[in-house]
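Right, one structure below, let's go through it.
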There are 2 protein chains.
Amino acid sequence: MNDIRPIRAKSGTNHEGTSAHNRRVMIDALRINGALSRADLARATRLTKQTVSNIIEELERDGLVGSREAVRKGRGQPSTPYVLVPEGAFAIGLQIDRHVTRAVAVDLVGSVLVRAETGLPPGGPSTGTKVILNLVAGVRSRLAGIVQQSEKRLVGLGAAMPGPFGMEGSGDDPWMMEAWQKFPLLETLSDGTGLNVGLQNDAAAAATAERMVGAAHGIDHAVCLFVGYGIGAGLILNGELYRGANGNAGEIGMALLFADGKTTPLEHRASLASLYQHLSADPADPDLHARINDLASRGDPSIEAWIKAAAADLRWSIHLIETVFDPQTVILCGSAPEALVNRLIAAIGPLLPSVAERRGRMLPRLQPGMADSWSVALGAAAGPISRAFDPRFAAILKDSQ
Amino acid sequence: MNDIRPIRAKSGTNHEGTSAHNRRVMIDALRINGALSRADLARATRLTKQTVSNIIEELERDGLVGSREAVRKGRGQPSTPYVLVPEGAFAIGLQIDRHVTRAVAVDLVGSVLVRAETGLPPGGPSTGTKVILNLVAGVRSRLAGIVQQSEKRLVGLGAAMPGPFGMEGSGDDPWMMEAWQKFPLLETLSDGTGLNVGLQNDAAAAATAERMVGAAHGIDHAVCLFVGYGIGAGLILNGELYRGANGNAGEIGMALLFADGKTTPLEHRASLASLYQHLSADPADPDLHARINDLASRGDPSIEAWIKAAAADLRWSIHLIETVFDPQTVILCGSAPEALVNRLIAAIGPLLPSVAERRGRMLPRLQPGMADSWSVALGAAAGPISRAFDPRFAAILKDSQ
DNA sequence: TCATTAAGTCAAATGTATTGACTTATTACT
DNA sequence: AGTAATAAGTCAATACATTTGACTTAATGA
């Protein structure tokens with residue numbers, strides 16, 4: 001008689017959910033297409049002109065969209081194009097990496113306004129959180145110096161760091177990432193900044209960045225293969241970042257390869273970590289990034305052997321991604337030096353035959369994405385922007401209100 | 001000036017979208033939890049009692065839900081539990097396999113009411129469509145003989161067959177599946193039956209079945225590893241079947257393994273096809289299924305070597321699935337004989353260490369799913385039921401109305 | 001017996017999108 | 001030059017689904 005088992009159900013929705021969705025759809029349409037008139041928006045979203053007018057008026061009042069000069073394009077009344085106002089919203093992005101942490105402030109359209117970087121002292125969270133909170137506070141105050149009302153328009157703080165999260169650890173990581181992965185980072189950052197905080201792994205952040213301003217812009221099914229210290233895949237499925245049950249979806253670097261008579265995780269063979277080992281380089285060396293970029297762009301033999309081997313593994317990874325996710329395109333990005341990523345892309349081709357080989361493809365199977373040191377921090381910041389403004393199923397539900 | 005580029009945007013929504021979503025949420029809640037009172041539903045869905053009353057009244061009028069006798073459970077007015085009415089809706093499921101085709105009729109709760117099976121003549125679609133349409137028509141009329149008003153309540157026809165779809169083919173498949181994959185099946189079935197028709201690959205169908213009545217019931221992140229003639233994964237992500245950009249997501253059988261000095265697709269090593277080869281058996285032999293079931297349940301040495309090798313490959317596949325999808329659970333199912341699936345599950349354990357190893361797991365990492373000949377046809381039928389009644393983002397949008 | 005608790009209903013209010021007529025501004029045609 | 005055609009956008013009224021708050025019903029427990 002005593003039924004203690006909780007009832008599981010999805011949340012319903014109501015008028016406010018409808019309205020919230022339609023606002024997001026408008027913003028998304030302007031983000032993807034650039035300037036659009038109210039009539040354009042009505043046709044594209046299948047809403048009526050009147051509804052679009054109401055919503056646009058409201059978004060304009062909120063400072064999220066603005067009008068440009070009317071344009072004549074044939075018969076009929078000239079149309080007034082609307083565009084996103086970059087200063088309509090801001091977010092802070094934070095990248096926590098092995099020996100460095102970076103923070104950026106970005107605006108609604110994904111432009112980076114403030115950058116800051118600092119070394120992360122050894123000792124993990126116990127010593128690092130203070131450094132991080134200082135860095136964020138610095139970025140925040142510099143942003144306030146650049147634009148008016150930035151605090152009011154700050155939608156959140158997005159953090160990114162290498163995954164996987166919540167795993168039983170092996171305890172052998174000298175860079176203490178494992179300690180960070182177990183640390184209650186969300187609460188600490190939330191308490192320390194008073195902002196809404198989100199967390200994703202660095203591959204997911206890179207994908208979020210690619211979707212906002214990069215090669216995945218406006219694409220609903222894309223996978224970003226991220227080559228950094230480790231290797232991960234950021235998954236854009238049905239137009240949304242897919243996180244999995246525990247935020248660890250896409251940790252493809254831990255996929256096992258059978259090679260040389262043993263099974264090895266992909267990222268032990270094809271990541272920056274493996275390159276550092278190949279070069280006997282110290283990952284903490286601040287000049288290393290530039291040096292590798294230089295070696296890669298010169299085609300130095302010390303690096304070519306690694307590139308050839310890594311490219312073979314990445315070729316396999318891309319085949320795997322195409323096979324299991326069936327995306328419209330795969331984007332290769334990374335925190336690796338740009339010249340290295342370009343060399344890898346060149347060395348990866350031609351791709352292996354896969355289900356992606358089909359008539360009528362609109363996009364290349366493999367595209368280069370961002371490969372600079374700031375793309376993960378940018379993607380971290382894009383997270384809160386996306387959560388606040390992109391159309392998502394969760395956003396219409398009552399339990400998100 | 002002439003801007004021909006089409007405007008891309010997501011569709012907006014309105015009251016009808018809201019209402020449609022809330023109806024689906026009610027049905028979903030009753031499907032997952034069984035009998036619930038209006039008050040229960042209001043709490044679970046976060047809608048008001050009044051709204052729930054309105055919707056339940058409407059669903060009852062539509063014959064989709066019905067009430068049971070009121071139950072007293074402490075102080076307060078006794079509550080009236082509502083349940084799904086099985087006869088509220090029906091769907092036909094169709095499995096097209098290499099040498100056989102099966103059709104079933106299922107009801108709203110996933111019970112199979114009618115089964116029919118027939119051999120598929122050689123020659124592919126040109127000779128096969130007639131057989132299939134006859135089979136479907138037979139099932140349909142038998143259903144009409146069993147229940148009243150079945151035609152009115154028929155929400156669609158779901159088809160399932162081995163993928164991948166739309167690929168440039170190699171043309172060496174004696175069973176003509178490639179011809180089927182290129183054939184305009186949807187149009188043919190739609191024209192031939194007048195029903196809404198959907199198409200999935202067989203792994204996706206198996207996952208749809210597991211979600212409606214099997215091990216994935218009520219679970220939002222699950223992957224069904226399907227062992228049939230080939231190998232595929234059916235992906236339940238965020239509570240919905242994920243299809244990918246071209247309906248080929250989850251075709252894990254084509255993933256490449258490096259082994260014995262060459263790269264081989266997984267399904268050349270661990271599928272029923274490989275077992276048939278191992279046993280030098282004729283796949284068209286109608287007794288083969290029973291014979292393999294017998295060999296597997298007796299632990300016959302002729303099959304144990306294959307099981308051991310296949311289990312190793314499946315162990316790797318499960319690790320891969322956990323790594324890239326981060327599901328709550330992996331379900332092993334198949335059109336393989338049940339005893340074989342059970343032997344495989346036993347031989348697969350213990351699983352490889354992965355991100356799935358974490359404190360506080362609620363579900364086992366690997367669970368057995370359905371392994372009978374009818375589960376794909378059942379899943380095919382579950383497709384239209386799910387499309388019509390399960391909460392989905394697409395269902396609230398105007399372009400789905 | 002009566003206060004308390006919980007389920008469920010009623011009628012009015014609220015919030016959004018829709019409808020259809022109307023205004024405005026421009027081009028194309030005669 | 002004049003006028004019809006076309007398209008953008010507004011106005012006021014309406015429709016639709018959920019919400020609100022008071023109310024009714026039916027049980028338990030002290």
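Naming: A, B, ... by sequence-line order, numbering from 1 per chain. Keep in mind the model is a prediction, meaning the values are calculated, not measured.
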Roughly how many Å is it from [atom1] in [X] to [atom2] in [N], rounded to a whole number?
| X | N | atom1 | atom2 | answer |
| --- | --- | --- | --- | --- |
| A:I396 | C:dT16 | CD1 | C1' | 15 Å |
| B:N14 | D:dA15 | CG | C1' | 11 Å |
| A:D40 | D:dG9 | CG | C1' | 13 Å |
| B:L397 | C:dA17 | CG | P | 14 Å |
| A:M26 | C:dT16 | CE | P | 14 Å |
| B:K73 | C:dG8 | NZ | C1' | 13 Å |
| B:E57 | D:dA17 | CD | C1' | 14 Å |
| A:R38 | D:dA8 | CZ | P | 13 Å |

Report yes if a donor N or O on one partner sits less than 3.5 Å from an acceptor N or O on the other, where the partners are the side chain of [X] and the base of [N]; otherwise report no.
| X | N | answer |
| --- | --- | --- |
| B:R75 | D:dT28 | yes |
| B:H15 | C:dA17 | no |
| A:Q50 | D:dC11 | yes |

Short side-chain N/O contact from [X] to OP1 or OP2 of [N], under 4.0 Å:
| X | N | value |
| --- | --- | --- |
| A:K398 | D:dT19 | yes |
| A:T80 | D:dG9 | yes |
| B:N22 | D:dT18 | yes |

Among the candidates [options], find the nucleotide nearest to the side-chain atoms of [X].
| X | options | answer |
| --- | --- | --- |
| A:L47 | D:dT19, D:dA8, C:dT18 | C:dT18 |
| B:S53 | D:dT18, C:dT9, D:dG9 | C:dT9 |
| B:R72 | D:dG9, C:dA6, D:dT28 | D:dT28 |
| A:Q77 | C:dA17, D:dA8, C:dA7 | D:dA8 |

*Applying side chain to side chain donor-acceptor pair (under 3.5 Å), run through B:R46 and A:S11 and close with a yes or a no.*
CA-CA 6 Å; B:R46 309 226 189 182; A:S11 160; 5.4 Å; no
*Using the six-membered ring wherever Trp is involved, compare the ring planes of A:F393 and B:H21 and label them parallel, tilted or perpendicular (cut-offs 30° and 60°).*
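Taking B:H21 first and then A:F393, their aromatic rings stand perpendicular (interplane angle over 60°).
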_So does A:M212 get a backbone contact from the side chain of A:H217, meaning a donor-acceptor N/O pair under 3.5 Å?_
yes
*Quick one: does A:D390's side chain have a donor or acceptor within less than 3.5 Å of a partner on A:I385's backbone?*
no
_Applying a 4.0 Å non-hydrogen cut-off, can you work out what A:T51 is touching in the nucleic acid: base, sugar-phosphate, or nothing?_
base
*Counting any heavy atom closer than 4.0 Å, what does B:R43 reach on the DNA or RNA strands: base, sugar-phosphate only, or nothing?*
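Since only primed, P, OP1 and OP2 atoms lie under 4.0 Å of B:R43, the category is sugar-phosphate.
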*Would you say the side-chain atoms of B:S37 and B:D40 include a donor-acceptor pair closer than 3.5 Å?*
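The criterion, which ignores hydrogens and geometry beyond distance, is satisfied for B:D40 and B:S37.
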_First of A:G76 and A:S37 reached from the 5' end of DNA chain D, by closest nucleotide_ = A:G76
*asked:* Evaluate B:Q50 against B:N54 for side chain to side chain donor-acceptor pair (under 3.5 Å), listing each step before the verdict.
replied: CA-CA 6 Å; B:Q50 185 58 58; B:N54 295 339; 3.0 Å; yes
*Using the closest heavy atom to pick a nucleotide of DNA chain C for each, name whichever of A:N54 or A:P78 lands nearer the 5' end.*
A:N54
